[in-house]
Amino acid sequence: MGASKPLSDADPRSTSPVPGGIAARAVAGLRAQGPNYLSGLNPEQREAVETLDGPLLVLAGAGTGKTRVLTTRIAHILALGRARPFEILAVTFTNKAAREMRERVGQLLGHAAEGMEWLGTFHSIGARMLRRHAELAGLKPSFTILDTDDQIRLIKQALAAENIDDKRWPARQLAFAIDGWKNRALSPKDVPAGEAQAYANGRGAELYTLYQTRLKQLNAVDFGDLLLEPIQIFRENPDVLAQYHRRFRYMLVDEYQDTNVAQYLWLRLLAQGSKNLACVGDDDQSIYGWRGAEVENILKFDRDFPGAKVVRLERNYRSTGHILNAASFLIAKNEGRLGKTLRPQTELGEKVTVAGSWDSGEEARAIGDEIEALQSRGHRLDDMAILVRASFQMREFEERFITLGLPYRVVGGPRFYERAEIRDAMAYLRVVASPADALAFERIVNVPKRGLGDATVKQIIERARADEVTLPEASRRLVAEGALAAKARSALKDLVLSFDRWSAEMDRIPHVELAEKVLEESGYTDMWSKDRTAEAQGRLENLKELVRSMEPFENLRGFLEHVSLVMDVDGARGEDAVTVMTLHAAKGLEFDTVFLPGWEEGLFPHQRSLDENGRAGLEEERRLAYVGVTRARRRAKIWFASNRRVHGMWQSSIPSRFLDELPEADVEVLEAPVTFGAGHMGGSYGPSRFDRAEPFASTYSTPGWKRAQERGFDRGATPSPGPGARRSGPMTIEGELVASSTAKAAGFAEGARVFHQKFGTGTVVEVEGNKLTVAFDRAGQKRVLDGFVKAA
DNA sequence: CTCCAGCACGACTAA
DNA sequence: CGTGCTGGAG
């Protein structure tokens, strides 16, 4: 690599590929005037943008203009004519980041960044490459991309075929292991013996091989393969790799600290061409260790890419002083870091606030109130966000915001495409688009119920395997031969004919219309319309949303590709709304006001991180806290609750250790608005508690609150309540308590129509204190507590 | 052979 | 709390 002499771009002629050529003169011209897109950059940023040749690492602290550098750099390359849009490889981790980059390059150039076909996520670019050279990997270009769910079902099948007890060796565990191997670019033969030993008595590697074979048979890949297969192809086909070397004149990577071994290898292979690889990252924001990210990659960048230039961005333009100081002080507790000193560029502003609440419900109420207060003072909801550690925390906020009528949007919550109804609908569409998609066919062959159970499906699969045909084709043959029971045969015949009809229509009618037709004619929407459970309505809404989301796409195939790679729905509609999302999803974003609830030991830092990764896990959690605080421009508001329901059980919790790691001078501790009950460990649950709860009877009447109180009482009786110690017996205490505190608020009479979250609507048959016997229209007669039903 | 209810068990973060 | 498997009824 001695050939790559360090090039100074002070002299434009030396950086030009063709000395004295058009580009060089253009550079000189631009340099003279200074193109306006460069004018707002500080010296470090400008250096990062203008250092075009050779490897470059930009260490960009939070809020130091990282995205700006990346996008300006692209604009610069294009403006100088160094490369055409399709000769730039620009990789991000999330679709959001890719989208943003595309938009901002467009803004800089004054027109859409058309033609940047290699701007995207690692996975989408990997998929694109793999489709081009699918044959080299033993696949057809139409291969399907399996998500985690499909993956696990496939592994289950493999385990069953090998007679491995999936109770003892859960499929998830193997899926997790395979994922890990793929993240480290290990093919079955490369798996270290020790690790392969760990699963199913040493059959790990064998099962991995089997899984890969099944994938190929299904013409499918998983997420890991989207990178691994191209790496394999590049290694085995130098001519293919050479094509990409010629193609990519410049390469940019966002969030380099999050790359795993496979991504690193992929990049290194590609960067052997032009060597113009620019990586941007921040070791303090490395929060994806659990999916294989190797902070090492960023730490040893200059060794991996000799002659690399390193630029540090340390001027923070985002946050006010107190916020930045608090974040810096916190992250300084980490040991394994390159070390950067972020410098605030503005006033100290407001201190970071820390407040406690009795339980998670109160936390949600208090934050909701504060949001409304801010809103009434003229703050936009768009400028506020609630960042949670785990997505289960979101629900409470959603519920609260619904009652308040506060518009909110959830980013990456209970994920849209993971909902059963969406997956079913998608499976239908997948089979229509490619009848060979066996997993999809299996999923919906008996949804809605058609009388095609396991036995029938098994026959179809066996036949398909014997004849080496698709499942629909095997079904067709079985039907034609008059096999199967008469009932199953006619149901199957109808289904196969329907698929034939839909497939034939695929290119004739608009895909949105086709989707509606498929869902309608298959009886799928009907199935939910007839369903009287509470969720059914929401599911139908989701299906409508799915169909609506297909509109922007050219055709069905385009849509399906999008969904398999972009597992999120664009929720960014115009309305002013509070954002609720996980800390992981928040990386790269910023808001004026950031609420950080749930800073409790066990949740944040998350127990599992500590258990599984010890100190490294703690450090990653701390980086996550750092990411959270640094999302805030003007206000960071941290909360913790004394009681939180985890896995359906109320547990008391202690404040996060991170709170004590914040600097006193930059933090203001708020009096909790309502602190009664907290720390009430004594067994004296006398009338005094009731008296205090009484005034709140109307507000504190949610089931959760009741159980919070019940839990408090319970703790008095049993000092260390183990989880599971109370499987089904809390009714008496809860019952009495609830009866007194909600007697006036609730009070259902016999014959009243009520609605229950789980059982739907029904009629009250009997009232006994707060216990109701309700005949539900669908779910039958049940005894429920009145707190769980609303008047219908 | 299919369907459904009841029960056990596992639950953070992502493309 | 939700899903996924098992066993028994139809």
Side-chain angles (χ1 to χ4, degrees), chain A residues 91-98 120-127 145-149 151-153 156 166-167 170-173 179 182-183 221-227 255 258 260 262-263 287-293 387-395 411-415 417-420 446 448-459 484-485 487-488 491 535 562-568 581-587 598 602-612 617 620-621 623-624 627-628 645-650 703-704 707 723-724 727-728 757-758 779-780:
Chain A
V91 219
T92 64
F93 274 85
T94 64
N95 298 288
K96 207 177 351 156
T121 62
F122 275 101
H123 292 91
S124 68
I125 290 171
I145 301 164
L146 304 187
D147 62 25
T148 317
D149 229 64
Q151 215 182 337
I152 286 174
R153 286 195 308 142
K156 276 200 177 132
D166 71 345
K167 279 265 155 51
R172 309 195 127 269
Q173 196 187 326
D179 237 39
K182 289 191 173 180
N183 284 338
V221 298
D222 61 20
F223 283 121
D225 291 333
L226 292 176
L227 284 161
E255 309 279 13
D258 289 335
N260 60 33
Q263 286 154 344
I287 55 175
Y288 284 105
W290 49 271
R291 65 172 203 213
L387 309 183
V388 298
R389 174 64 182 84
S391 44
F392 76 83
Q393 294 172 259
M394 294 182 183
R395 230 174 64 186
V411 178
R415 306 174 60 67
Y417 287 110
E418 283 165 21
R419 291 168 193 273
N446 200 30
K449 298 267 178 283
R450 300 189 172 90
L452 301 169
D454 292 347
T456 311
V457 172
K458 206 168 181 181
Q459 279 193 62
L484 309 168
K487 234 173 156 183
E535 317 91 76
H562 169 85
V563 171
S564 51
L565 290 168
V566 185
M567 297 290 284
D568 66 350
M581 65 173 121
T582 63
L583 286 160
H584 284 90
K587 188 159 67 141
L603 177 60
F604 193 34
H606 201 281
Q607 196 57 47
R608 209 157 128 180
S609 284
L610 304 181
D611 291 346
E612 288 171 11
E620 181 153 316
E621 294 287 307
R623 290 194 290 267
L624 202 46
V627 167
R645 202 164 52 182
V646 185
H647 311 333
M649 298 268 182
W650 281 96
R707 254 166 296 170
R727 286 229 51 103
S728 54
Q757 193 64 36
K758 184 163 178 183

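The sequence lines fix the lettering, A, B, ..., with proteins before strands; numbering per chain opens at 1. Since the model is a prediction, treat every value here as computed from it, not as a measurement.
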A:Q151 and A:D179, any side-chain heavy atoms less than 4.5 Å apart: yes
Just the rounded figure in Å: distance from C1' of B:dC3 to CZ of A:R450. 16 Å
Minimum-distance nucleotide (side-chain atoms of A:A455 versus B:dA14, B:dA11, B:dC1): B:dC1
Please state whether the phosphate of C:dG2, meaning OP1 or OP2, lies under 4.0 angstrom from any side-chain nitrogen or oxygen of A:R395. yes
Has A:K156 got a side-chain N or O lying under 4.0 Å from the OP1 or OP2 atom of C:dC5? yes
Give one of base, sugar-phosphate or nothing for A:F93, where a contact means two heavy atoms less than 4.0 Å apart. sugar-phosphate
If you check every side-chain atom of A:Y288, which of B:dA14, B:dC12, B:dA15 has the closest atom? B:dA14
Per nearest nucleotide of DNA chain B, the residue lying toward the 5' end, A:L452 or A:R172, is A:L452
State which residues pass salt bridge (Lys or Arg N to Asp or Glu O under 4.0 Å) with A:R153; sequence neighbours excluded, sorted by chain then number. A:D150
Return the nearest nucleotide to the side chain of A:F223; candidates are B:dA14, B:dC1, B:dA15. B:dA15
Whole angstrom value for the distance that separates P of B:dA15 from CG of A:N95: 7 Å
Can you list everything that forms a ring-ring contact (aromatic ring centres under 6.0 Å, His included) with A:H123? Sequence neighbours excluded, please. A:F223
A:L583 CG - B:dA14 P separation (whole Å): 10 Å
Both A:K449 and A:S124 contact DNA chain B. Taking the nearest nucleotide for each, which residue is further toward the 5' end? A:K449
Nearest-neighbour nucleotide for the A:K167 side chain, C:dT6, B:dC1, B:dA14 considered: C:dT6
Tell me: CG of A:D454 to P of C:dC5, nearest whole Å? 10 Å
Rounding to an integer number of Å, can you tell me how far A:D179 CG sits from B:dA14 P? 14 Å
Round to a whole Å and report the spacing from CD1 of A:I152 to P of C:dT3. 15 Å
Below 4.0 angstrom from OP1 or OP2 of B:dC3, is there any side-chain N or O of A:N446? yes
Any chance you could lay out the side-chain contact (heavy atoms from CB on, under 4.5 Å) test for A:L624 and A:H584, step after step, and finish with the verdict? CA-CA 8 Å; A:L624 202 46; A:H584 284 90; 3.5 Å; yes
At under 4.0 Å, does any side-chain N or O of A:R608 touch on OP1 or OP2 of B:dC12? yes
Look at the side chain of A:N446 and the backbone N and O of A:G451, then say whether any donor-acceptor pair between them is shorter than 3.5 Å. yes
From CG of A:D149 over to P of B:dA11, roughly how many Å is that when rounded to an integer? 14 Å
Using whole Å, report how far CD of A:Q263 lies from C1' of B:dA15. 9 Å
Planes under 30° and centres closer than 5.5 Å, is that true for A:H606 with the base of B:dC12? yes
Across the strands shown, which category fits A:R389 at heavy-atom distances under 4.0 angstrom: base, sugar-phosphate, nothing? base
Residue pair A:W290 / A:H606, side-chain donor-acceptor N/O under 3.5 Å: no
Does B:dA15 have its OP1 or OP2 closer than 4.0 Å to a side-chain nitrogen or oxygen of A:R291? no
Is A:T582 close enough to B:dC12 that one of its side-chain N or O atoms is under 4.0 Å from OP1 or OP2 there? no
